[in-house]
Amino acid sequence: MVDVLVILDGASEPLGSGPTSLERARTPVLDRLARAGTLARLRTVPEGLPPGSESGIPTLLGWPPSAPVDRGALEAAAHGVALAPGERAWRVDALGPDGRRAQEAGAAAAARSLRERLHEHRVLRLSGHRLLVCGAPPLPALGAGLRAWPEGALPPRLLSESTTVVAAAGAAAGVGRLMGARVVVPPGATGKPDTDLAAKLRAAVDAVEDGAERVVVHVGSPDEAAHERDAGGKVAAIERADRELVAPLAACLRAAGGTLSVCPDHGCDPRTGEHDAAPVPALRWAVAAPAAGGRRLTERAVAALPVTEPLAAAEVALA
């Protein structure tokens with residue numbers, strides 16, 4: 001029996017007067033699973049921590065951080081960047097004139113500028129607006145249009161290779177590696193709307209067939225669309241995950257046995273492009289569970305449920 005968790009990054013939103021993206025999305029497979037499964041309301045971001053994948057994903061994997069997590073260390077682990085003794089890594093975001101994420105050209109220009117100025121540090125382009133600066137501390141002054149993430153806590157090695165994390169090279173892959181899981185970054189996995197979900201599916205099914213006890217599949221596209229304030233794109237990303245990932249994973253588990261859980265790691269509002277730390281809806285479905293009514297995986301459907309706090313969130317999302 002295997003437990004599979006699909007993390008829909010940033011898919012949740014604060015409840016307001018209008019429908020959320022999860023409510024707007026046409027998700028027939030998730031709807032069927034919700035009718036036969038169990039819904040819960042999880043606090044994935046511990047009190048006082050900034051909402052984001054670096055807080056929510058380790059909570060779902062069994063380690064709710066008590067302090068902000070070191071995003072530079074996560075990115076270095078995700079991209080296989082080796083650090084010499086005494087070195088560290090800093091995640092740096094390139095920003096446009098409006099203070100939002102820089103486009104590809106702006107991020108590339110920022111990386112070139114940093115390489116010209118930081119002769120004793122390595123500067124790597126990651127994806128989109130993300131840069132990584134590696135070297136001995138302290139971090140030199142970066143200049144306007146660049147924002148460094150602060151140093152922080154490191155996830156402990158609580159997992160083993162009996163847990164497989166399937167993700168693009170980003171926070172989920174970094175958390176998985178630092179916590180000791182087996183991490184698979186399939187070719188074509190970008191974490192964006194163009195990500196190759198078929199490749200992620202193949203990697204997840206392979207892990208199930210190879211005897212993994214736990215499989216975690218991270219889908220970053222809902223969060224990326226919300227950051228771009230693309231409400232329609234966020235809905236489309238959720239619908240695509242339902243169709244191309246959740247449906248075949250449910251079919252795989254019907255044959256192999258096991259459980260399938262689906263939940264966001266945090267919220268992200270496409271009206272503002274900002275993360276939020278509100279509790280998120282979670283679904284857990286076991287093969288052959290009986291149908292139990294017309295429920296859906298939405299914020300409103302779980303609004304009246306008690307909140308499962310971070311220490312117990314992983315027990316609900318991934319047994």
Side-chain angles (χ1 to χ4, degrees), residues 1-9 11 29 33 42 44 53-54 56-64 69 73-81 154-192 195-223 241-242 244-265 282-287 313-319:
M1 298 283 284
V2 60
D3 292 305
V4 177
L5 168 62
V6 175
I7 299 176
L8 298 178
D9 199 308
V29 180
L33 299 182
L42 308 185
T44 55
S53 296
E54 70 282 354
I57 292 174
T59 296
L60 291 174
L61 295 188
W63 178 68
V69 177
L74 296 190
E75 299 288 3
H79 290 84
V81 176
L154 297 179
R157 290 183 74 84
L158 298 180
L159 304 177
S160 70
E161 291 203 348
S162 63
T163 296
T164 296
V165 175
V166 180
V175 169
R177 285 205 171 107
L178 291 176
M179 290 186 70
R182 173 176 176 260
V183 174
V184 178
V185 179
T190 65
K192 295 184 178 182
T195 193
D196 189 342
L197 289 183
K200 288 186 176 181
L201 173 65
R202 286 193 297 271
V205 171
D206 286 347
V208 171
E209 293 177 347
D210 288 344
E213 295 177 5
R214 298 172 173 176
V215 179
V216 180
V217 187
H218 177 263
V219 180
S221 48
D223 189 62
D242 181 75
E244 299 181 23
L245 187 63
V246 177
L249 280 176
C252 170
L253 290 174
R254 284 191 183 95
T259 64
L260 175 62
S261 299
V262 182
C263 73
D265 55 344
L283 159 67
R284 185 171 177 82
W285 168 80
V287 174
E315 298 175 8
V316 175
L318 192 63

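Owing to the predicted nature of the structure, the values given are computational and were not obtained by experimental measurement. Basis for what follows: all heavy atoms, side chains included, without hydrogens, waters or symmetry-related copies.
- Of the possible donor and acceptor atoms, none in the side chain of Arg157 sits under 3.5 Å from a partner among the backbone N and O of Met179.
- Minimum heavy-atom separation, Pro186 to Val184: CD-O, 3.4 Å.
- By the salt bridge (charged side-chain N to carboxylate O under 4.0 Å, His left out) test, Glu244 pairs with Arg240, sequence neighbours left out.
- For the pair Val165 and Ala181, the tightest heavy-atom approach, listed with the atom from each and the gap, is CG2-CB, 4.0 Å.
- Atom CD of residue Glu75 and atom CD of residue Glu54 lie 9.5 Å apart, to the nearest 0.5 angstrom.
- Scanning all heavy atoms of the two residues, the minimum distance from Pro155 to Val69 falls at CD-CG1, 4.2 Å.
- Thr195 places no side-chain N or O within 3.5 Å of a backbone atom of Leu197 that could act as its donor or acceptor partner.
- Checked options Val2, Leu159, Val4; the residue passing with Arg214 is Leu159 (criterion: side-chain contact (heavy atoms from CB on, under 4.5 Å)).
- Taking each heavy atom of Pro264 and Leu60 in turn, the nearest pair found is O-CD1, 4.0 Å.
- The heavy-atom pair separating Ala168 from Ala173 by the smallest distance is O-CB, 3.5 Å.
- Between atom CG of residue Leu33 and atom OG1 of residue Thr259 there is a gap of 11.5 Å, rounded to the nearest 0.5 Å.
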Practice prompt. Start with the C-alpha gap between Val219 and Ile7, add the side-chain angles, then the distance that decides, and say whether side chain to side chain contact (heavy atoms under 4.5 Å, CB included) holds.
Written response: CA-CA 6 Å; Val219 180; Ile7 299 176; over 6 Å; no

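- Ser261 pairs by the side-chain contact (heavy atoms from CB on, under 4.5 Å) definition with Leu5, Arg284, not counting sequence neighbours.
- Residue pairs meeting the side chain to side chain donor-acceptor pair (under 3.5 Å) criterion with at least one member in residues 178-189, sequence neighbours excluded, are Thr164-Arg182.
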Item to complete: Give the intermediate values and the outcome of side chain to side chain contact (heavy atoms under 4.5 Å, CB included) for residues Leu8 and Val6.
Response: CA-CA 6 Å; Leu8 298 178; Val6 175; 4.0 Å; yes

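- In this structure, the side chains of Val208 and Asp206 stay at 4.5 Å or more apart for every pair of heavy atoms.
- The distance from atom NZ of Lys200 to atom CG of Leu249, rounded to the nearest 0.5 Å, is 11.5 Å.
- A donor-acceptor pair under 3.5 Å links the side-chain atoms of Thr44 to the main chain of Asp265, judged by distance alone.
- In this structure, the separation between CG on Leu178 and CH2 on Trp63 is 9.5 Å, given to the nearest 0.5 Å.
- For the side-chain contact (heavy atoms from CB on, under 4.5 Å) test, residues two or more places apart in sequence or in another chain that qualify with Ala172 are Ile57, Ala167, His218.
- Between the side chains of Ser53 and Asp9, at least one donor N or O lies within less than 3.5 Å of an accepting N or O.
- Note that the CG atom of Asp3 and the CG atom of Leu253 stand 9.0 Å from one another [nearest 0.5 Å].
- Annotation for Asp196 and Pro187: closest pair OD2-O, 4.0 Å, computed over non-hydrogen atoms.
- Every side-chain contact (heavy atoms from CB on, under 4.5 Å) that Pro248 has, sequence neighbours left out, goes to Leu201.
- Rounding to the nearest 0.5 angstrom, the gap separating the CG atom in Leu283 from the CG atom in Leu260 is 7.0 Å.
- Scored by the side-chain contact (heavy atoms from CB on, under 4.5 Å) test, Ala247 finds Val29 as partners (sequence neighbours excluded).
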